[in-house]
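Quick notes on the structure that follows.
In what follows, every heavy atom counts, from backbone to side chain, and hydrogens, waters and symmetry copies are set aside. All figures in this text were calculated on a predicted structure; none of them were measured in a lab.
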2 protein chains.
Amino acid sequence: MFHRWRLSDLAITIRDVAKEAGVSVATVSRVINDSGYAHEDTRKVVLEAVNKLNYKPNEVARSLFKRKSKLIGLILPDITNPFFPALARGVEDYLQKEGYRVIFGNSDEQLEKEMDYVDTFKQNNVVGIIASINETDSEMLSELSIPLVLLDRTIEALPSVYADQEQGGRLAAEKVLERGSKEITIVRGPKNVKNVYQRFEASYEVLKEAGVKVNILDSNLSFNGAKERAIELFQKYPQTDGVLACNDIVGVAILNEAQRIGKRIPEDVQVIGFDDISISELVYPGLSTIHQPAYEMGAKAAEILIKKINQEKLLNIHYKLAVSFVERKSTRKIGK
Amino acid sequence: MFHRWRLSDLAITIRDVAKEAGVSVATVSRVINDSGYAHEDTRKVVLEAVNKLNYKPNEVARSLFKRKSKLIGLILPDITNPFFPALARGVEDYLQKEGYRVIFGNSDEQLEKEMDYVDTFKQNNVVGIIASINETDSEMLSELSIPLVLLDRTIEALPSVYADQEQGGRLAAEKVLERGSKEITIVRGPKNVKNVYQRFEASYEVLKEAGVKVNILDSNLSFNGAKERAIELFQKYPQTDGVLACNDIVGVAILNEAQRIGKRIPEDVQVIGFDDISISELVYPGLSTIHQPAYEMGAKAAEILIKKINQEKLLNIHYKLAVSFVERKSTRKIGK
DNA sequence: TTGAAAGCGCTAACAA
DNA sequence: TTGTTAGCGCTTTCAA
């Protein structure tokens, strides 16, 4: 026989409610889930008991039985990079109001961490996953039995929500060009982050076609080293009069460095960022950039995921959002 | 009798492992948990079966039985505010390597959301909570039976990890003073966010004591409206030659506006922020600020929480981290 | 319209 | 050293 002292503050269970209401646990279950029959009178009694005891169903027990929780896994590369919080917030706000909670993890773009999270998500009966992970990594997830939507990334095999990187890259290039830059340096993000690389390629193509001089500088996407990259840029390519940054962090760093060494923005050098993180509007002299609708992307990914969870058989959807050029003070007024 | 078709992709259970290894589920449980006896030979057989089947225990079942999960709840006001991601990352990194996962939620400083999250955390058998919530709200949590540590906030009744706000406020005031500002405007954060208000009070006291002219302007802490506040500042108090901002976001906005209207930084006006978010180093001309060790705070909160969970009877600890002045280009060199 | 009971996957008490 | 089994709190089948 098995015995255990009850902890002093044991939570109210469905049993307690049943006893209080003078009905069986099955009946309580039926009324709180609105499943099956329940006489109006019993319903009322049960609901009263629920209220009186402030009963909250144990989600773990539910989850065990139904093999489905109200939990959703979210994997983002690095919440510390200001682009991702907006994504996360979009996801969380949508999920929250649908009654789901999110288990969150940073992957640092590392396959191992991604897989580790996916494993523990499964172990916790998560009903869906939203992940911002790389192409090669995500292919291993294609056969995952639980609904997954890719966010800010896309591959053929999986539903995804992302912004049009090529359009963004092109746009950035066109805008500097229109505004008269003649020697343009592209600060290129890491090749393994495919979407970031796509921006580069699109920009590069437009610039090349225009016959303008173009330099390429490699950089990563985080705060780490952005300053050094900016310094390097003007040392290596002092004639640069236009910069296309792989993201706004790098863009801001370049704005800083340019001004520090006495270049006028935008007269001497124009800078265009990418992402449109909140701070870009606030820095001096205002960073022109390519706006990605991050919050909307997050919310949309959540929406699609919920639909998949609810079995709405939408095909393998690839939801591509448009980006736009946000003109601020780091680029010249057109025609000047 | 009860019957259900097995879903095609049912996960491996302990039963499958037991069968594969030719032992009972109890034995499997013992070896994977390293609890109770197990002959070395059986151990090996079981472990082989585990590997062969790639068995991962169902955490939900575990959680139901033990009334304890490997989940920890994290409540932060708004992940979109750059101060909080650093906190979150500190928490997540520590917890992750201890084998815990985090359920995350934004509260927007709203009691209702906070309580809602706490409820669902409980429903999910979370073993601990880290929360950045307000004094009045957190008092309702004092009797919570599950371990909780306050992060970036503090009250007497609960363990907490936070940075020394008074020191920070004082430091900021002393530094502008030392550097010669004569009319200082303090941009004050919302009164209901106690730590932010403490900064203000400490600064104010120092400034008053110094007999310098001080103006006060109210602001919130988010990107929202920061620009307008900055504009208002120089309209209302055009003689301002020193600004103490409630946080770096506001600080950056002020830097921007000051330069936009032709003020030289730091000659005409000095600006000191608060937080030392990553971007502050990158903006032009570099925002001097009060550094809060956000990442460390998050990690420390996680560490303390884990200790509490493991019953290490540390008292009701209040862990106060020191802040420091980070001198960049928005303040003058001392003595000039 | 209701209740009894099985069982989700696991751990731990107890017997063997 | 190992196996049998109760039971964590819930939902659902089935019988009443």
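Shown for residues 43-59 of chain A: residues whose heavy atoms fall under 4.0 angstrom of DNA chain D, namely A:Tyr55, A:Pro57, A:Asn58.
Side-chain proximity of A:Thr42 to the nucleotides D:dT11, C:dT2, D:dG9 is greatest for C:dT2. When distances are taken from the side chain of A:Val23 to each of C:dC8, C:dG3, D:dT1, the shortest belongs to C:dG3. Of the candidate nucleotides C:dA12, C:dG3, C:dT1, C:dA12 has the atom nearest to the side chain of B:Ala26.
At the phosphate of D:dG3, OP1 or OP2 sits under 4.0 Å from a side-chain N or O atom of B:Thr27. An OP1 or OP2 oxygen of D:dT2 is reached within less than 4.0 angstrom by no side-chain nitrogen or oxygen of B:Arg30. Of the side-chain N and O atoms in B:Thr13, none sit less than 4.0 angstrom from OP1 or OP2 of C:dG9. Within the structure, a side-chain polar atom (N or O) of A:Arg67 is placed less than 4.0 Å from OP1 or OP2 of C:dG9.
Side-chain N/O atoms of B:Arg89 and A:Thr80 include no donor and acceptor closer than 3.5 Å. Side-chain polar atoms of A:Ser160 and A:Thr154 form a donor-acceptor pair below 3.5 angstrom.
The distance from atom CD1 of B:Ile32 to atom P of C:dA12 is 11 Å, rounded to the nearest whole Å. Put simply, CG on B:Asn33 is 4 Å from P on C:dT11, counting in whole angstrom units.
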